[in-house]
Number of protein chains: 2
Amino acid sequence: MGVKERKERQKTEMREAILSAALKLFSDEGYDNVTMRKIADKIEYSVGTIYLYFKDKGEIFYELHNRGFAEFYKRQLSVQHIKDPIERLKAHGEAYIQFAMEYPEYYDVMFISRTPAKEIKKSEHWEEGERTYEILKLNIKQAMEAGYFKDVDLEVAAFSLWSFVHGISALFVRERLSMLPTEFLKPLINRALEFLSRAY
Amino acid sequence: MGVKERKERQKTEMREAILSAALKLFSDEGYDNVTMRKIADKIEYSVGTIYLYFKDKGEIFYELHNRGFAEFYKRQLSVQHIKDPIERLKAHGEAYIQFAMEYPEYYDVMFISRTPAKEIKKSEHWEEGERTYEILKLNIKQAMEAGYFKDVDLEVAAFSLWSFVHGISALFVRERLSMLPTEFLKPLINRALEFLSRAY
DNA sequence: CTCAAAAAATAAACATCGTTCAGTAAATTA
DNA sequence: TAATTTACTGAACGATGTTTATTTTTTGAG
């Protein structure tokens with residue numbers, strides 16, 4: 001009698017369907033322009049049904065946000081195998097910005113949004129943010145040991161590099177770079193990363 | 001018979017009251033969380049009255065956006081008298097960040113807030129933003145002519161420097177640096193500017 | 001297989017949003 | 001003072017997120 005199991009499975013399948021529809025919509029149209037009714041249309045259920053699976057619109061976003069942070073951290077790690085410290089730092093920056101461009105809604109709540117949903121404030125997930133900052137400092141430190149960043153304070157360098165990639169990400173996410181055609185944007189960002197990594 | 005003049009004055013006073021209330025609210029709560037009714041409450045008029053002075057919510061934002069840029073542009077110019085190109089560039093960055101720290105509401109509206117895109121996209125006032133970008137490029141170009149930034153593309157350098165100061169400003173304005181005590185923040189920012197200007 | 005209880009889904013209703021508009025009050029003019 | 005113009009209001013509209021009462025579907029004991 002696997003009734004309970006099937007119900008469980010169906011419940012998670014429905015949650016996944018909602019999350020998947022919401023992610024696409026959020027990413028295409030932005031959180032505020034996505035209505036619960038649009039999500040409901042997309043999964044071909046009525047509006048009220050969504051509320052059987054999620055407390056409110058914010059909880060849908062929160063769940064996606066969690067997955068975003070997990071993905072963010074994973075991407076930071078994915079670069080750690082690179083041997084050359086400067087190359088690794090550059091790849092680190094690339095991974096950071098790529099995440100922001102791929103999941104602007106996530107990036108927004110993580111680093112830009114003024115009032116993150118209540119759930120997010122008290123969340124343990126900012127620690128994941130600090131862990132990525134530690135990775136950055138580690139990478140800079142190893143670059144120093146390899147002879148780069150002479151006479152530079154570690155904290156100052158970390159703050160500077162973070163500000164730099166955040167600046168690019170924030171301008172992109174909040175659409176202050178829309179005057180640049182997309183095909184020019186990515187190369188420009190890459191050259192900007194080179195600009196910085198070649199400086200030291 | 002200065003009736004017309006007084007009416008004119010009253011009209012602009014009302015516009016100013018609306019703009020001032022809106023700026024504070026936008027900055028405190030974010031564009032989307034500010035309702036027309038909140039603005040109306042703050043100036044102690046009914047909702048409909050606002051629409052006698054502004055076409056819609058977006059136009060209020062648009063006007064604030066314009067004013068921010070005017071003040072911003074003035075500050076950028078104030079640095080142009082400095083002779084040494086690298087010192088001037090550094091002062092330029094300082095002026096930029098100082099504006100953000102002094103008028104976080106304006107900086108927010110100008111470079112961070114989600115914009116009602118229609119108004120601003122086609123606006124001639126982004127040109128004021130582009131004018132400041134031209135100043136930056138001019139300053140970089142003169143630094144190049146003085147022997148700095150060798151083998152660097154002008155556009156890439158401008159984009160990089162802008163991203164850098166925007167990153168710092170955005171992190172400050174959106175309170176992602178609140179873990180740093182204020183007395184450490186300014187020196188840190190100064191050292192970050194040095195970090196970059198010393199790189200080339 | 002039947003059918004009442006439980007679960008799932010829905011449609012309608014609610015409060016609030018930006019915006020509009022018919023109507024009222026105030027100021028101006030003749 | 002009376003008429004007209006201007007300033008303002010408050011109710012209404014369609015759309016939003018969310019809640020609720022109701023209907024439909026699924027379940028499992030007799």
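Note: hydrogens, waters and symmetry copies are ignored here, and every other heavy atom, side chains too, is used. Numbered from 1 within each chain, the chains take letters A, B, ... in sequence-line order. Predicted model, so just to flag it, every value in this text is computed and none were measured.
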May I ask you to decide if the ring planes of F164(B) and F164(A) are parallel, tilted or perpendicular, using 30° and 60° as cut-offs? tilted

Within residues 43-52 of chain B, residues whose heavy atoms come under 4.0 Å of DNA chain D: Y45(B), S46(B), G48(B), T49(B), L52(B)

Regarding the side chain of T35(B), the nearest nucleotide among dG18(C), dA9(C), dT19(C) is dG18(C)

Under the rule for side chain to side chain donor-acceptor pair (under 3.5 Å), what residues qualify as partners of R191(A), not counting sequence neighbours? none

Taking the six-membered ring for Trp, are Y106(B) and F72(B) closer than 6.0 Å centroid to centroid? no

Write down the distance between NZ (K38(A)) and C1' (dT16(D)), rounded to a whole number of angstrom. 11 Å

When you measure from the side-chain N and O atoms of Y53(A) to the phosphate of dA8(C), is any distance below 4.0 Å, counting only OP1 and OP2? no

Gap between atoms CD1 and P, on I39(B) and dC8(D) respectively (whole Å): 16 Å

Whole angstroms only, please: what is the CD-C1' distance between Q10(A) and dA7(C)? 11 Å

Taking only residues two or more places apart in sequence or in another chain, which ones pass side chain to side chain donor-acceptor pair (under 3.5 Å) with E134(A)? none

Length of the line joining D56(A):CG and dT16(D):P, which is rounded to integer Å: 17 Å

Could you work out which one of dT18(D), dC17(C), dT6(D) sits closest to the side chain of R37(A)? dT18(D)

Is it the case that K57(B) places NZ or CZ above or below the six-membered ring of Y31(B), under 6.0 angstrom from the centre and within 45 degrees of the axis? yes

5′-ward residue of the pair K7(B)/K57(A) relative to DNA chain D: K7(B)

Residue pairs passing the side chain to side chain donor-acceptor pair (under 3.5 Å) test where at least one lies in residues 12-25 of chain A, sequence neighbours excluded: E16(A)-R67(A), K24(A)-D28(A)

Nearest-angstrom distance from the residue atom CG of D41(A) to P of dT10(C): 11 Å

N33(B) CG to dT16(D) C1': how many Å, rounded? 14 Å

Closest approach of A21(A) to I43(A) (non-hydrogen atoms, all atoms of both residues): CB-CG2, 3.8 Å

Scan for side chain to side chain donor-acceptor pair (under 3.5 Å) pairs involving residues 139-160 of chain A, sequence neighbours excluded, and state none if there are none. Q80(A)-N139(A), R88(A)-N139(A), R88(A)-Q142(A), H92(A)-N139(A), K137(A)-E155(A)

Give me the residues of residues 13-21 of chain B where at least one heavy atom lies under 4.0 Å from an atom of DNA chain C, by number, or none. none

How many whole angstroms separate atom NZ of K55(B) from atom P of dG18(C)? 15 Å

Would you verify whether the NZ or CZ of R75(A) falls within 45 degrees of the ring axis of Y96(A) while also being under 6.0 Å from that six-membered ring's centre? no

Counting any heavy atom closer than 4.0 Å, what does F54(A) reach on the DNA or RNA strands: base, sugar-phosphate only, or nothing? nothing

